Amino acid sequence: MSDSYLSFVNSAWGRRLAQTIGLPQPLPLQRHRSGQQGLANPVIIAGAGRLADEVRRIFKATDTVPAQAATLKAPSTVKVQGAVFDASAVLDLKQLDELYEFFHANARRLGLHARVVVLGTAPEHCQDLPQAIAQRALEGLVRSLAKELRRAITVQLIYVAPGAEQALESSLRFFLSRRSAYVSGQVVRLEQPVDAAPAINWDKPFSGRRALVTGASRGIGLAIAQVLARDGAHVVCVDVPQALPSLEQAASRVGGHAWALDITAADAVQQLQAYVAEHGAFDVVVHNAGITRDKTIAKMTETAWRSVLAVNLEAPLHLSQALLQGQGLNAGGRVVCVSSISGIAGNLGQSNYATSKAGVIGLVQGLAPVAAARQVTVNGVAPGFIETQMTAKIPLMIREAGRRMNSLSQGGQPIDVAETIAWLAHPASGGVNGQVVRVCGQSLLGA
Ligand SMILES: NC(=O)c1ccc[n+]([C@@H]2O[C@H](COP(=O)([O-])OP(=O)(O)OC[C@H]3O[C@@H](n4cnc5c(N)ncnc54)[C@H](O)[C@@H]3O)[C@@H](O)[C@H]2O)c1
C-alpha cells in the first residue's frame with residue numbers, strides 16, 4: 001500500500017510546503033539490497049569497555065574503511081554513517097558524562113540514515129549498585145536519542161553479558177546495516193550462546209539450512225520466506241488450503257516447497273511430526289500466520305475470540321512443543337514467533353488479538369530456557385504498523401495515525417520484519433534467546 005504523504009513531502013514542492021508550514025518530513029527509509037555493502041561505513045568507535053576490541057575486529061574483518069577514532073573534544077564536520085559507543089565499563093553515574101560528551105560532540109556528524117549502537121552490561125550482571133544504576137540509565141539515553149536524532153537515524157542498546165563478547169557480531173552487523181531500517185530505540189540482551197556457532201558464510205548464512213514459515217503465501221510471511229531463501233535457506237512455505245494457488249506461487253518464487261496446512265487443524269501436530277519423519281528436522285521455524293477479528297469485547301462473538309487465540313497463540317505453542325519434544329529441530333535451531341505491539345500496549349477493539357499476541361511473548365519467554373537445553377533459541381518480533389493487506393483494511397484516519405505515530409513517521413514494510421527475523425534466526429545469533437524485539441520505528445504505543 002503506498003504512503004502518499006511520504007511521497008508528497010519528498011517531492012520538490014511538497015518539501016517546500018512542508019518546510020513553510022512546519023509539517024513533519026519523514027525520509028523514505030533506505031533498505032538493504034543484495035550486493036550492497038553490509039555495514040555502515042565509516043563509523044566512529046568510542047568508549048573503552050571490554051567490547052571495544054571485538055568491535056574493532058568485526059570492522060577490520062570486513063571491507064569497510066577503518067573506523068575513525070572518536071574526537072571527543074574536537075568534533076570534525078566529516079559525516080559518518082554510524083557510531084558505536086562501548087559503555088560496558090561505565091561503573092557509576094559520573095562516568096555517564098562520557099556519553100553526554102560523545103553524543104554532544106558527534107550528533108551532528110551523523111549522516112542521514114546513520115546507525116548508532118550503545119553497548120552495555122545488563123544491570124543484572126553488574127557488580128554493585130552504582131554500576132547497575134548507571135547501566136540501566138543507558139536505556140533512557142538510547143530511547144531519547146532514537147526520538148531526537150531524526151533523519152532516519154536509528155539507535156539501539158545492546159547489553160552484552162560478561163563472557164558473551166564473541167556473540168556480538170551477528171547483532172552488530174544487523175543493527176549497523178540497512179537491514180534494521182525500521183528498528184529503533186530497542187534494548188537487546190546477549191548471553192552466552194546456546195550453541196557452538198559454525199563457521200559463518202555472512203553472504204549466505206542459511207546455506208544448507210531448512211526453514212518452515214507459516215502464513216507464507218503473502219504479506220510478511222512471503223517476505224520472510226524471500227529473505228531466508230535469499231540468504232541460502234530451503235524454505236517450506238505453509239498456508240491454509242484455501243490459499244493454495246498463492247502459496248504455490250510463493251514457494252516457486254523462493255525455490256521452496258508449498259505445504260497446505262491449517263495450523264489449527266486437529267491433526268496439525270501429527271501432520272508436522274509425519275512431515276519431519278519423512279523430510280528431516282528444521283533449522284528455522286517462523287510462526288508468522290496470524291489473523292485479526294476486531295470488535296470491542298461486548299460485541300465480540302465467541303468464535304471471533306476463539307479463532308484468533310487458536311491461530312495466533314495455541315497453534316504456535318503446540319507446534320513448537322512438538323518440535324522441541326520430538327526431533328523436529330536440529331541443534332542450533334531457531335524458533336521465531338510474530339507478536340505485535342498490540343500485545344505490548346493493548347488496542348481498542350483487539351482484546352482477542354492483543355491477548356493472543358501478549359501470550360506469544362509469554363510463549364517466547366517461557367520456552368526459551370527449555371529450548372536452550374536443546375541448543376535452540378526462541379525469540380519474537382513485535383511489529384508495529386506494517387504495510388500489508390491486514391493493515392490496508394484499517395479505516396483511513398486510523399491507518400494514517402498508525403503510520404505517523406513513531407519516531408520514523410511512517411509505516412514499515414514486510415521486509416523490515418523479515419530482516420529482523422533473519423537476524424534472530426541467524427546461525428551466529430545463539431546468544432539472543434527469549435527476546436522480543438519491536439519492529440515499529442519506535443512506535444509511541446506501549447513505549
Ligand atoms: N501487518 C501489520 O501491521 C502487523 C503488525 C503486527 C503484527 N503482525 C503480524 O504479522 C503476521 C503476518 O501479518 P500480515 O500482515 O502479513 O497478515 P496477512 O493477513 O497478510 O497474512 C497472514 C497469513 O497467515 C495465513 N493464515 C491465517 N490462518 C492460518 C492458519 N490457520 N494456518 C495457516 N496459515 C494461516 C493467511 O492465510 C495469510 O496468508 C501476523 O501474525 C500478524 O498478526 C502484522
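Positions are given from 1 along the sequence. On a predicted model such as this, the values are computed, not experimentally measured, just so you know. Hydrogens, waters and symmetry mates play no part in the numbers below; they use all other heavy atoms, side chains included. Start at 1 and go down the list; that is how both ligands and their atoms are numbered.
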Tell me whether ligand 1 is touched by [X] - counting only heavy atoms on the residue side and a distance under 4.0 Å.
{"X": "S342", "result": "no"}
{"X": "A216", "result": "no"}
{"X": "H287", "result": "no"}

Pairs of nitrogen or oxygen atoms closer than 3.5 Å, one from [X] and one from ligand 1: do any exist?
{"X": "S217", "answer": "yes"}
{"X": "T388", "answer": "yes"}
{"X": "R218", "answer": "yes"}
{"X": "Q389", "answer": "no"}
{"X": "I263", "answer": "yes"}
{"X": "V338", "answer": "no"}
{"X": "M390", "answer": "no"}

Ligand 1-proximal atoms of [X], by part, heavy-atom distance under 4.0 Å:
{"X": "P414", "answer": "neither"}
{"X": "D262", "answer": "both"}
{"X": "K357", "answer": "side chain"}
{"X": "L261", "answer": "backbone"}
{"X": "N288", "answer": "both"}
{"X": "P383", "answer": "both"}

Checking heavy-atom distances from atom 30 (C) of ligand 1 to each of I291, D239, V240, the winner is V240

Nearest heavy atom to atom 44 (C) of ligand 1, choosing from I220, I386, I341, belongs to I220

dist L17:CG -> R15:CZ (nearest 0.5 Å) comes out at 12.5 Å

Of all protein heavy atoms, the one nearest atom 22 (C) of ligand 1 is G290 O, 3.8 Å

Do [X] side-chain atoms and [Y] backbone N/O form a donor-acceptor pair below 3.5 Å?
{"X": "R293", "Y": "I291", "result": "no"}
{"X": "D262", "Y": "V240", "result": "no"}
{"X": "S356", "Y": "L313", "result": "no"}

Sorted by chain and residue number, the ring-ring contact (aromatic ring centres under 6.0 Å, His included) partners of W305 (sequence neighbours excluded) come out as none

The complete set of ring-ring contact (aromatic ring centres under 6.0 Å, His included) pairs with one or both residues in residues 249-278, sequence neighbours excluded, reads W259-Y275, Y275-H279

Worksheet item: Going by an N to O cut-off under 4.0 Å, is there a salt bridge joining R404 and D3?
Response: yes

